[in-house]
There are 2 protein chains.
Amino acid sequence: MRRMTARPANAHQARLLKLLRDGGPNSRAQLGDQVDLSRSKLAVEVDRLLETELVVADGLAASRGGRRSHNIRLNPHLRFLGVDIGATSIDVAVTNAELEILGHINQPMDVREGPVAVFEQVLSMAAKLKASGLAEGFDGAGIGVPGPVRFPEGVPVAPPIMPGWDGFPVREALSQELGCPVMVDNDVNLMAMGEQHAGVARTVADFLCVKIGTGIGCGIVVGGEVYRGTTGSAGDIGHIQAVPDGHPCACGNRGCLEAHFSGAALARDALEAAQQNRSPELAARLENHGTLTAVDVAAAAAAGDATSLDLIREGGNRTGQVIAGLVSFFNPGLVVIGGGVTGLGHTLLAAIRTQVYRQSLPLATGNLPIVLGELGPTAGVIGAARLISDHLFSPA
Amino acid sequence: MRRMTARPANAHQARLLKLLRDGGPNSRAQLGDQVDLSRSKLAVEVDRLLETELVVADGLAASRGGRRSHNIRLNPHLRFLGVDIGATSIDVAVTNAELEILGHINQPMDVREGPVAVFEQVLSMAAKLKASGLAEGFDGAGIGVPGPVRFPEGVPVAPPIMPGWDGFPVREALSQELGCPVMVDNDVNLMAMGEQHAGVARTVADFLCVKIGTGIGCGIVVGGEVYRGTTGSAGDIGHIQAVPDGHPCACGNRGCLEAHFSGAALARDALEAAQQNRSPELAARLENHGTLTAVDVAAAAAAGDATSLDLIREGGNRTGQVIAGLVSFFNPGLVVIGGGVTGLGHTLLAAIRTQVYRQSLPLATGNLPIVLGELGPTAGVIGAARLISDHLFSPA
DNA sequence: CTACTTTTTCCACTCAGAGGACAAAGACGG
DNA sequence: CCGTCTTTGTCCTCTGAGTGGAAAAAGTAG
């Protein structure tokens, strides 16, 4: 099928496309209620969108008491590809133009194998989704990578955990391979956009989205827009000092948050506890699997293992301390906790909450929800689809 | 004289007013070069502005080789009042529409004497400026207060160091008294706006402005706009934990940055050092003045007093640690250090720089200047004038 | 004084958008 | 089944913002 290459010609059309994306099919009349344009103007713009085939007419709308209206919806053949490259796994999903996930696959892979190997994998996963009949091609793709990105160019810059990716033209290369527009961003920013689009942050303009996975990062949303900082490294909170003279960190300093609590740190501490026989539960799991990960700690904690619970609580406290500082500074309307270790669930959340509510001033915390993300592993790919759709649904 | 009550009628006029404010008198042709409007449209809008008397014709412009053009400038009779209410003193200044300070007076006063007493003082200072012939009246006033403000309403909310101000309708009250529009903001935000308008931050879109005075606060500028947070308390970094289990703080926690370094903390530590005879220099000053303030520490340090230098270095380290965290999180393009204790100058700056450059990641610090504010005590009042002018020079 | 520039004004023309009138299509009561 | 009412969609005219060219005004350079 011929891909849609059209873009909205003006801000009105862009507005309409975003309304249809976020609100699903709508009649002209319903659209008119939302955009403050005269009926004539609206009709003109809708007609032009119909001509570009970005939107299509779609049957009759429910009656509101008078003449029934015809629904307008985004072209149901539009397909976006959402790719979330994590430190240790890759998520790829296909969505329609309303950003609903039509198919989603996950594959373990170490990002340190380098961009070439990773892209091979991504392309084969995309091909698999295509083969299953979900898409005939892609109209756009969003990519998340676990490190800072120079956003306008879509190029990773000095990513600590992605050797070999520095300066690699991710956007350019994937755009070539996929034959469609591509946007690249930090995976944490995409998670924030996902939760904003379809998750807990739908109604909040200013919020933080803390992702605790192999590393720790934080998406910052200001006035509904992701804030990326001067060089694209905003939200890189993993290397804030959490413990004076604490554990050494890969970055060269000591006591970084990431060195004390993250998927990697948790695995390390669990291994130590198992070997020192402080936790029979963990020791048993080590015996079985030959290795320990954050998942084991979560399972052990769920089974009531005191050492594991302590590890989680301790980490939650550290993280909570750092978040408390950020809350004082940024005064967000919401804090979302997400990422791989959310399996640790409410033990973690409780520890974080305790620290934040204790350390930040009442004015900042008075009405501040701190919640777990509600999309889990789909937040990233939804955010990725959102990223490219925001781009494509803006005037050229 | 009749005050100007006109406001720009549309975005074009607002744009022109701001260009004239920031760039001084300009010919129509020069304005045309900057605004991307057709000559005819520009002429129409300028004529309308002339009708409202917001701008006036002002002689001939310098020749650019052809017909000489007439200059347009903001009405030279326009006057803004900038008020900066600090914890222990009040600054009041009069500016013209280009935000140049025409007169500036400072008066010690404790903000804890409450809004009524403080406003009496402010009004008498404003009257004095008027009496000296600098203004016949004010077209607008900006007010900075040392605590969080619900910005749209111009009302302090739960200000820790301003008992009695909570909920006091500052904007409303002063607007009544002065008979002109008033805007209220946190003093730190105004300092940031001042440095942005006329100081070191003129060309930077995203920066932090750390003010170390009686307390510690931080102005946050995102995309050229001050970010105030969900409840107006953004930038309240004085109560971030800097020292685990450190000094008790008035807020009820321990180890807050403000409890370890600020005008008040410095005075406390200096007094202790003097009494314990660790510093002859400080002891002598205590003898002379009967009390010690941050100014004494600065003087002693300048005279080579080792204890004072240590106090400054120690405080700078603490502050630098906190700033390092904020830099990692926010990735600003510039950090400005200002406030009362900038007398401590380069000793302080060096300590802060050391910590930030050591603790934050190279990507965030690589191109990050950390500098002292360049406006000193005028930053606040200039920012106040800027605040109200931004308001008045926007479409009604 | 002449040739050339630049600035400013004037004017005709275009185009986006508003809003009213009217036609189309269904709901609903009799 | 029919007339009335409501909602939706289309058409058409009118307005006002804005553009761009031409010419006048007012200089500079030689």
Side-chain angles (χ1 to χ4, degrees), chain A residues 6-20 23-74 394-396, chain B residues 6-20 23-74 394-396:
Chain A
R7 295 276 292 276
N10 57 43
H12 297 311
Q13 292 184 17
R15 180 84 201 286
L16 291 171
L17 289 174
K18 287 178 184 171
L19 280 174
L20 291 171
N26 263 273
S27 69
R28 284 167 154 85
Q30 284 172 309
L31 287 175
D33 293 343
Q34 299 173 73
V35 293
D36 193 41
L37 282 177
S38 64
R39 279 177 318 213
S40 15
K41 179 62 180 164
L42 180 73
V44 169
E45 298 299 353
V46 169
D47 283 347
R48 287 184 191 158
L49 285 175
L50 285 167
E51 270 173 39
T52 66
E53 293 186 45
L54 277 169
V55 307
V56 298
D58 178 50
L60 295 173
S63 168
R64 292 205 288 186
R67 169 176 172 176
R68 297 185 59 189
S69 60
H70 290 257
N71 260 343
I72 302 294
R73 65 177 302 176
L74 289 169
S394 297
Chain B
R7 295 276 291 276
N10 58 43
H12 298 311
Q13 292 184 16
R15 182 82 202 286
L16 291 172
L17 290 174
K18 287 179 185 171
L19 280 174
L20 290 171
N26 263 274
S27 70
R28 285 168 153 86
Q30 284 171 310
L31 288 175
D33 292 344
Q34 300 172 74
V35 293
D36 194 41
L37 281 179
S38 66
R39 292 179 310 270
S40 5
K41 179 62 179 163
L42 180 73
V44 169
E45 298 298 354
V46 169
D47 284 346
R48 288 185 190 157
L49 285 176
L50 284 168
E51 270 174 38
T52 65
E53 292 186 48
L54 277 168
V55 306
V56 299
D58 177 49
L60 295 173
S63 167
R64 290 204 289 186
R67 169 176 171 175
R68 296 186 61 189
S69 59
H70 291 258
N71 261 345
I72 302 294
R73 66 175 302 173
L74 289 169
S394 297

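Order of the sequence lines fixes the chain letters, A, B, ..., with proteins taken first and strands second; residue numbering starts at 1 for each chain.
- Here the side chains of B:Arg73 and B:Leu20 are not in contact, with every heavy-atom distance at 4.5 Å or above.
- In this structure, A:Asp58 contributes its side chain and A:Ile72 its backbone to no donor-acceptor pair below 3.5 Å.
- Here D:dA17 presents its P atom at 14 Å from CG of B:Asp47, a figure rounded to the nearest Å.
- A residue-by-residue look at B:Glu45 and A:Ser69 shows that A:Ser69 has its nearest nucleotide of DNA chain D further toward the 5' end.
- Between B:Leu16 and the options B:Leu54, B:Val35, B:Asn26, B:Val55, a side chain to side chain contact (heavy atoms under 4.5 Å, CB included) holds for only B:Val35.
- More than 12 non-hydrogen atoms from other residues, nucleotides or ligands lie less than 6.0 angstrom from CG of A:Asp33.
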Give each protein N/O atom lying under 3.5 Å from an N/O atom of nucleotides 19-21 of chain C, with the pair distance.
residue	atom	partner	partner atom	Å
C:dG19	N7	A:Ser40	OG	3.1
C:dG19	O6	A:Ser40	OG	2.6
C:dA21	N6	A:Arg39	NH2	3.3

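- Per the geometry, NE2 belonging to B:His70 stands 9 Å off C1' belonging to C:dT7, to the nearest Å.
- When heavy atoms are screened at a 4.0 angstrom cut-off, A:Ala43 is found touching no nucleic acid atom at all.
- With rounding to whole Å, B:His12 atom NE2 is found 8 Å from D:dA17 atom C1'.
- Every residue two or more places apart in sequence or in another chain that forms a side-chain hydrogen bond (donor to acceptor under 3.5 Å, both in side chains) with A:Glu45 is listed here: A:Asn10, A:Gln13, A:Lys41.
- Here D:dA26 presents its P atom at 14 Å from CZ of B:Arg28, a figure rounded to the nearest Å.
- B:Leu37 has its CG atom 13 Å from the P atom of D:dA17, to the nearest Å.
- Atom-to-atom, CG of A:Asp33 to P of D:dT8 comes out at 8 Å; the value is rounded to the nearest Å.
- Distance, A:Leu42 CG to D:dT8 P: 12 Å, rounded to whole Å.
- In this structure, A:Arg48 and A:Pro8 have side chains that are not in contact, with every pair of non-hydrogen atoms separated by 4.5 Å or more.
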